Amino acid sequence: MTDLPKTYDPAAVEPEANRVWTDEKLFHAEPTDPGKPYAIVIPPPNVTAALHLGHALNNTLQDILTRWRRMAGDNAIWLPGTDHAGIATQTVVEKRVLAEEGKRRTDFARDEFVKKIQTWKDEYEVRITEQLKAMGCSCDWDRQAFTMDEPRAKAVREAFFQLFKEGLIYRGKRLVNWDPATQTALADDEVEMEEVDGHFYYLKYPLESESGTGDSPVASGQRHGQVAHATMEYVTVATTRPETMLGDTAVAINPKDPRAAQLRGKKIRLPIVNRVIPIIEDDYVVLPDPKSDDPKAQFATGFLKVTPAHDPNDYEIGLRHKLPMINVLAPDGTISDQHGWPTEDFDQAGEDLQNLLGLDRFEARRAVVEWFKRNNLLEEVKPYRHSVGHSYRSHVPIEPYLSDQWYCKVTDARLAGAALRAMSREQFESSRSTGFQPVSSDQNNGHGFQTHATDWEGQLKFFPPRYAKTFQTWHENIRDWCISRQLWWGHRIPVWSKMFPASTWHDALKHLLTRKYKNRLATTMVTSSDSCFVLPRDTMTVYMCVAPGNEDVEQELERLGFEQDPDVLDTWFSSGLWPMSTLNWPEQTPELEKWNPTHTLCTAREIITLWVSRMVMFNLYFLNRLPFSEVFVHAMIQDGEGRKMSKSLGNGVDPLDIISSHGADAMRFTLTLMTTNTQDVRMPVERDPKSGKNTSPKFDIGRNFCNKVWNAVRFAIMNLEEARRHEGTEARREEVDETRWSLADRWIVSRFNRTIAACDEALTNYRFDQYAKGCYDFFWGDLCDWYLEAIKPAMRDPARQGQTANVLAAVLDGSLRLLHPMIPFITEVLYWRLNEVRPERGLPGRIMCCTSPRLIRAAWPRAGEVTETAEALFPKLQEIIGAIRNLRNDYKADPKKRVTVSISASGETAGTIESNRELIELLATCTLGRVTSDLSAPANAARATAGGCEIFVEGLVDESADRERSARRRDELVKSIASMKGRLANPSYVSKAPPHLVKQTQDQLAELEAELAKLG
RNA sequence: GGGCGAUUAGCUCAGUUGGCUAGAGCGUUCGGAUCACACCCGAAAGGUCAGGGGUUCGAGUCCCUUAUCGCCCACCA
């Protein structure tokens, strides 16, 4: 007897398989290994937290692909690593430090705090790695990377330097989400929208009188505005943030507004400040309409105060109309003249303006409103409930705050343009194009850049194809990418800067610009007027970007008083280089040549724009090839209510919990089965009362399947051991002789070959559900339910045992191979057992099995021929057996009692039944009597039609069951017959439908009518 | 506001270029300790394919429309 336990115990098997894989370095690949290259880079998980179920899915799929291609003979590699995830990681550490030590980031020196984050990263990197290993991920761990380790830092420096040198990185302005309480910039996703009760203030802005020469504009019938002696004296603006009016640099009106023409060229004298600002025309302004559904139109006056430095939309308007941008706030949210407010405003400023300085923004709001009221310029105040961005950390309202930032010019044709050109022709919708046409390869693109002839054009494909649109739309509407972040955790921007008087900078830096430094430095200058901050006039800020590995130059710059930029790069800058940096670019390594481009990127849809886009642009730019040719976008896992899984909702599931409750293979199988073409899958979450941990009953199917696989192999091993005993230890196994195979043997081999083809097809098209389902149905439905049952008598018969053992061993061997990528642990260990019991197990010409010591490196099965006759005949037996079982159940036959069955059948079917008497008798618990074509119905027999035969089960007498059965069947038949007759009576059907379908309907109708006639 | 998607059995989901009586697993009901497996075996019940229109000989599948839900992007004077 085998020593395999009756129930599969994952905990006893998984570590053993993992140990062997690791010890024998079976995940490792070298560029010199044989096979065509196949590489996958892991989407590096953030080191912010342990992996969740979404990662488990993502990584299971990558492992399936890697193991599949490795077995198929490719030189396959899966490159693992983690992402430093700038903002997210710094934030979790800040939270923890605040909670545990009561300290803020600013209470530490920069280095000191970065060390704390580093400690966190180390801890989570280990945990993540352990999780991936527990899941069975066959990553090449010798090549594990981290987006901020030395080789990756070098890649970032090199990429930044090259882009900087080419002018693709520049200094620009941007409104950041500023938290005045913690005095940090926040990412968009760190801003929480909260509904607040605020007010709409309607402020009157007087028109500047001296510009109003000539005829007086008449304002008639206007709701807002200034009717005094039929002359327009002021305009009214509506705002929720009156204090920002101090920074207004224009008032805008929609050009379609009837008042626009009258006001063209007029100016406003801004109250309190006395600044004279223009009235401009812009489509963005909403026309007032009290009856509109749009709340904006209800509240609007038609006049929009434009404050470019303190509102994102106003900023855009400011850019369009080249308006000055005046920042009136200090970083702490108080009104300040020190951060970009031109001194001219204060030259003859009144006391009223001076008094506002130093006030907090909310005090200033009250004071400004008060001032307008006092001066009869406050027209109205209305209550208004609206959502306002708040800091998720300090919970104070966010202030849009203008600042200088570094930008990457992704709008350049060499970046976004190239990404579009890379798209597969079938997936690129040129008709829909928003005006962008990818530049063809032989054209100069207008950037002075002659594109190379490419073999990557049109080679990037998305699965499912609908995601190509997301990619395309993003690049057609792309805006330059702000790459600097006001953080401590990340790649420090490799730029040093110093401000010089405009006339002296060149002399001061002459020696740096000599040949010695030429290739190690790239320089850009920004004049004082380009900055959004007010700098001394006639100054020039010089920015020097230093190429990697030039510490001497950096030191020289610092000696000259240059300072390194305090900001770090956006996380996506380093992850955008991932398919290159994991292979140690910019080093020209054999690995880089071998595995870049990688093959497939496997990711979730939320980062198509953030990540996929950047990798494509960067890889094309730096290496003139694609980072990968196929992008597979898998579903997102939600909880049972369709919500995202998250810590705060408490509905997250830890893969390790599932591994301990169900096993890694069970988890992997279930996730694979769930990976259909849809966008989302729901995973009902339950709390396990015993462990107190979240789990899901969905994983039972995987656990059950693994147990089935375990027991099928256990059964086979027991039988094969038995067979070996009969053959004698020295005897060679019986030669394969197909002529001695049973129908069941031929059928299962054929079914297996069909399954291989289905698996190949499914995996090639990323239809993981079809792969899992195909394996499941074959293994459980065909192999276990039918074949293993069918061969039991043969396996006990020494005369027939040999051939059946050959088939059984080969089919099981092949099944383990097919299943391995999905459920690697259990299949690996069972394969070893099979090797012990039966080292040779091929079926020449049918199933090739070159045994290998380790399944992970065994050959992927090659689909052989299917046997149509076996696949046509065996199902007839299945139907007949099913019909007999059904009768037994309906008539409540004693389960142990053998009933006598006779069958009316003819021709080939009759022959098949005759030669498979044993099978029918065993599986239907019956004694098979006469099988002839001219059978008259025996007395006291229950009757059924199946497999084209009439079946009589004797001794089943139950009149009520009989009546019920007949009535039910008769109803079905009458209904079907009516529908078919109806179809055939329709002349259009007969004339227009394909003839084979008409014929089919006719045949079927005849069959059903015959059955109905016999029912009486 | 723009885009993508979903709605099929009590639950979670398949359903190919439109074509057999719309399938699976779980759950339910009935029967079963049979020597691979009770994480099992055998059988059964259960569906107006979200609603409404259209195209077609024929629609779960294609088109229009309504409703509900989800995600991404943009925005909120």
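Because the structure is a prediction, the values reported are computed rather than measured. In what follows, every chain begins at residue 1, and chains take the letters A, B, ... in the order their sequences are listed.
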First of A:R885 and A:K792 reached from the 5' end of RNA chain B, by closest nucleotide: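 The residue closer to the strand's 5' end, by nearest nucleotide, is A:K792.
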
Nearest-nucleotide comparison on RNA chain B, the residue closer to the 5′ end among A:A893 and A:A716: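 Result of the comparison: A:A893.
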
Range-with-range stems for RNA chain B, at least three Watson-Crick or G-U pairs under 3.5 Å: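 Correct response: B:1-7 with B:67-73, B:10-13 with B:23-26, B:28-32 with B:40-44, B:50-54 with B:62-66.
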
Counting heavy atoms from C-beta on, name the nucleotide in [options] closest to the side chain of [X].
X       : options             : answer
A:T678  : B:C57, B:A14, B:C41 : B:A14
A:Q770  : B:C69, B:C57, B:G15 : B:G15
A:A238  : B:A77, B:G25, B:G5  : B:A77
A:K992  : B:A14, B:G31, B:C57 : B:C57
A:A993  : B:A43, B:U21, B:G19 : B:G19
A:Q1004 : B:A24, B:C75, B:U21 : B:U21
A:N886  : B:A43, B:C39, B:C20 : B:A43
A:N711  : B:C4, B:G42, B:A36  : B:A36
A:V286  : B:A77, B:A43, B:G70 : B:A77

Closest heavy-atom pair and its distance - A:S696, A:I658: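 Minimum heavy-atom contact is N-CD1, 4.4 Å.
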
Using a heavy-atom cut-off of under 4.0 Å over every strand shown, decide if [X] touches base, sugar-phosphate, or nothing.
X      : value
A:Q638 : sugar-phosphate
A:C706 : nothing
A:P697 : nothing
A:V285 : base

Quick one: is [N] close enough that its OP1 or OP2 comes under 4.0 Å of any side-chain N or O from [X]?
X      : N     : answer
A:K896 : B:A33 : yes
A:R605 : B:C73 : no
A:N477 : B:C73 : no
A:W780 : B:C39 : no
A:R714 : B:C39 : no
A:K698 : B:U12 : no

Close side-chain approach of A:F200 and A:T240, heavy atoms under 4.5 Å: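 Touching, per the 4.5 Å side-chain cut-off.
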
P gap between B:G15 and B:G1, integer Å: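 After rounding to an integer number of Å, I get 32 Å for this pair.
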
Under-4.0 Å salt bridge between A:R969 and A:E972: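 Yes, this pair counts.
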
Charged N-O contact under 4.0 Å between A:R682 and A:D680: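 Salt bridge absent between A:R682 and A:D680.
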
side-chain hydrogen bond (donor to acceptor under 3.5 Å, both in side chains) against A:D1003, all qualifying residues, sequence neighbours excluded: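 Applying side-chain hydrogen bond (donor to acceptor under 3.5 Å, both in side chains) to A:D1003 gives A:K999.
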
A:Q472 versus A:E476, side-chain donor and acceptor atoms under 3.5 Å: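 A donor-acceptor contact under 3.5 Å links the two side chains.
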
A:D248 and A:T307 side chains, donor-acceptor separation under 3.5 Å: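 Yes - a donor-acceptor pair under 3.5 Å links their side chains.
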
